[in-house]
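These notes are about the structure you will find just below.
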Amino acid sequence: MAEIAQQLINALLLGCTYTLIAIGFNLFFGALNVVHFSHGDVCILGAFMILILYGVAKWIGAIAVFPPFLLVPLMILIAMFLTGLIGTFFERVVIKPFRYAPLLMVLVATVALGMVIRETVRLSFPHGSNPQIFPRILPATSFQWHGVLLRLDNLIIFGTTIFLISLMFLFIQKTRMGAAIRAVSQDTEAAAMMGINIDRTVAMTFLIGSALGAIAGILIGAYNNIIRFDMGLMGGVKGFSAAVVGGLGNVYGAIIGGLILGLVETFAAAFIPGGTPYTDVFAFLVVIFFLIFKPSGILGEKVYEKV
Amino acid sequence: MRSRTLGRAILLIGVETIFFILFAAFMMTFDTMKIVLFILFFIGIGLLFTKWDRARHVLTNLFKELKIFASLWFVVLLLTVPFVFQSSPYLIHICVMAGLFAILALGLNFQLGSTNVVNFATAASYGIGAYASALLAVHFHISFWLGLLIGGSLASLFGLLLGIPCMKTKDYYLSLVTIAFGLIIYILLINFTWTGGPNGIPNIPPPSLLGHSFKDPIHLLGYQLPFQSNYYYLIFILVGGSLVVAHRLHHSRVGLTWNAIREDEIAARCHGIDVTWYKILAFCIDAFFGGVAGTVYSHYIGFISPENFAFIVSVVVVTMVILGGMDNVFGVIMGAILLTILPEKFRAFEDFRILIYGIIIITMLRFRPQGLFPQKMRIYKKNG
């Protein structure tokens, strides 16, 4: 029993990461009908931002002066903001020019963008091809509870994720900008006719999506204690898979999809003998299964093609 | 009239030979400064050609009229490559690699170019061909020639498997499936013990033909050609074969159908085209080409590991198709050759290779989506 509970906690954490990435995919797909294939790499940039900020903080001596519970949230906020800006910038430079071009173009362009991001990260860090040690920004204490090991940093991660996701939902449901985002995702042209500034709304979705993605990147770094330049490829594919399983374009679907992928991976690793190296394979098989039998995902609406 | 034809033939030989000599000289230059000058010179010729209409007309007419003669002379020139690069096997090696990637790019062109189906699993079919024939050769001593067929067929089977999801999905979803398939194959190759895991398969025997091992140099007309020449000629035949297949397919009903699907899938379906079947066909043919290229690669290098078949290889092949010109057989081959030779020429910037590939894709898509050599409109002659 304790074993299953332990694995459930792991699955929940992994699911959080995938959900955060998948939300970005769903927001972008809703706003522009594009899949931003380099979103995973943008997310990992968040983790690298923390790496840089931590280095800067160490260099100017801020680590010794400020207590971590002040400094760490500040660093995370800055990393989120910077990653959000970078995401918006990529939208302007790489995605926007293809708004009226065939779908294939933006698809290949974003895959190429992912390559550019990965290589830039690799080349700009010393020994960039090797994994970089992720700074321990969260407390490392842990405690037992009915035979289940709970790590404090995991609890913080989990709490932060839930808080941020709820905040985002509130933003989308209650604010003017959120209404604009929903309107654009329903019908871009009609929204434009109602006087919504499409460019600004799209930029906003990219800001939110990339900022949430930065948290996912930081989670991956904090969970593995290392980050590598190419982690974004796998992260992006998994995040997109989660979005597809949940129903592409549906922000709530991201949560379900992320949790399903997290469950599949952790349980494949824990309960299938010798399954640990093949967790990704199981996850992808589930996704392919979904694509064959329910391409619209769990919460997605069935789309009918029109000429 | 005959003397006019003769004069034109001589002109043609002259033009082709000059280009060949320029190419050979470019290949033998190793000084970065001179290489840059060469490239600027080539770009200058290209620009001149697009601007100066009269010269272009004369030359294109020349090539059109003496089509067979022009291609024959071109073949003769290409056959002399190992003689020209006799003293530097490295240059022949580059040519072999360019040929391999040309086969891969030609295969992908059926999908990406003709049908507009994105496939990011080229590396997977390439790897399946390579591993299948290598394992057969190492464990069961099956000859390369049989392995070539088996590797191609197994890869083709994989293409069929990959094509099945495309019955229900397209666009983004389908590209997700291909990426996932590519990553699955990569993960499996790393983790299976019988494929040698991350260490790969060493000591793959070279092929032999009529008692002549491909590891031995060729003795011909008093020349001793390095052993890479064997593979050069093999690849030459394979690329030639692929070229013929690609050309014939493009001008057949199948090619026309693929183009119809590219232009408008629903309209194609309304005209009674079985879209799914034709897409799966494109997947299978692409995978076969990939498998054949993989088989040759594994036996040529003699050692393979999963790293040779990572996701990035697929993106590189996609870059070749986009740079060369989608759906244009000649352009795709040029794209493969350019993107194999140029990185080798700029070895000093090896680290930036993939970064530059990415930038090339984005700029090409943005400013010249039809590629360097755009596909011309299909022209049908009136009968009678």
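A, B, ... follow the sequence lines: proteins, then strands. Residue 1 opens every chain. All heavy atoms count here, side chains included; hydrogens, waters and symmetry mates do not. Worth saying up front: this structure is predicted, and the values here are computed from it rather than measured.
The part of B/Ile179 that comes within reach of chain A is its side chain, from C-beta onward, which places non-hydrogen atoms under 4.5 angstrom from that chain. With a 4.5 angstrom heavy-atom cutoff, A/Ile292 touches chain B via backbone and side-chain atoms both. Using a 4.5 Å cut-off between heavy atoms, A/Leu291 touches chain B through backbone and side chain atoms alike. With a 4.5 Å cut-off on non-hydrogen atoms, A/Thr120 touches chain B through its backbone and its side chain both. Of the two parts of A/Ser129, neither the backbone nor the side chain holds a non-hydrogen atom closer than 4.5 Å to a non-hydrogen atom of chain B. Heavy atoms of B/Phe120 lying under 4.5 Å from chain A belong exclusively to its side chain. Looking at A/Leu113, the atoms closer than 4.5 Å to chain B (heavy atoms on both sides) sit in the backbone and in the side chain alike.
Summarising the local packing, CD of B/Glu263 is surrounded by more than 12 heavy atoms from other residues, nucleotides or ligands at distances under 6.0 Å. Under a cut-off of 6.0 angstrom, the local environment of CZ in B/Phe303 is crowded, with over 12 non-hydrogen atoms contributed by other residues, nucleotides or ligands.
A 4.5 Å side-chain heavy-atom check between B/Tyr186 and A/Asp280 finds every atom pair outside the cut-off. Using a 4.5 Å heavy-atom threshold, the side chains of B/Val177 and A/Phe284 count as separate. Looking at heavy atoms from C-beta onward, A/Leu248 lies in side-chain contact with B/Tyr173 at the 4.5 angstrom threshold.
Between the side chain of A/Arg122 and the backbone N or O of B/Asp351 there is at least one donor-acceptor pair closer than 3.5 Å.
Each of B/Ile354, B/Ile187, B/Val117 has some count of heavy-atom pairs under 4.5 Å with chain A, and the biggest count is that of B/Ile354.
Closest approach of A/Val116 and B/Ile359 over heavy atoms only: CG2-N, 3.8 Å. Listed here is the closest heavy atom pair of B/Gly358 and A/Ala112: O-CB, 3.8 Å. Contact record, B/Ile312 with A/Met115: CD1-SD, 3.5 Å, taken as the closest heavy-atom pair. Summarising the geometry of B/Leu365 relative to A/Ala109, their closest heavy-atom pair is CD1-N, 3.6 Å, with the distance given to 0.1 Å.
Heavy-atom proximity under 4.5 angstrom to chain B picks out A/Phe29, A/Asn33, A/Val34, A/Val35, A/Phe37 from residues 26-41 of chain A. Within residues 85-98 of chain A, the residues that have a heavy atom under 4.5 Å from a heavy atom of chain B are A/Val94, A/Pro97, A/Phe98, listed by number.
A/Phe290 contributes atom CZ, which lies 13.0 Å from atom CG of B/Leu176 (distance to the nearest 0.5 angstrom). The OH atom of A/Tyr278 sits 10.5 Å away from the CD1 atom of B/Ile190 when rounded to the nearest 0.5 Å. The line from CE of A/Met105 to CD1 of B/Ile361 is 12.5 Å long, rounded to the nearest 0.5 Å. Rounding to the nearest 0.5 Å places CG of A/Leu233 at 5.5 Å from CG of B/Leu183.
Checked options A/Leu107, A/Val111, A/Val108; the residue passing with B/Ser175 is A/Leu107 (criterion: side-chain contact (heavy atoms from CB on, under 4.5 Å)).
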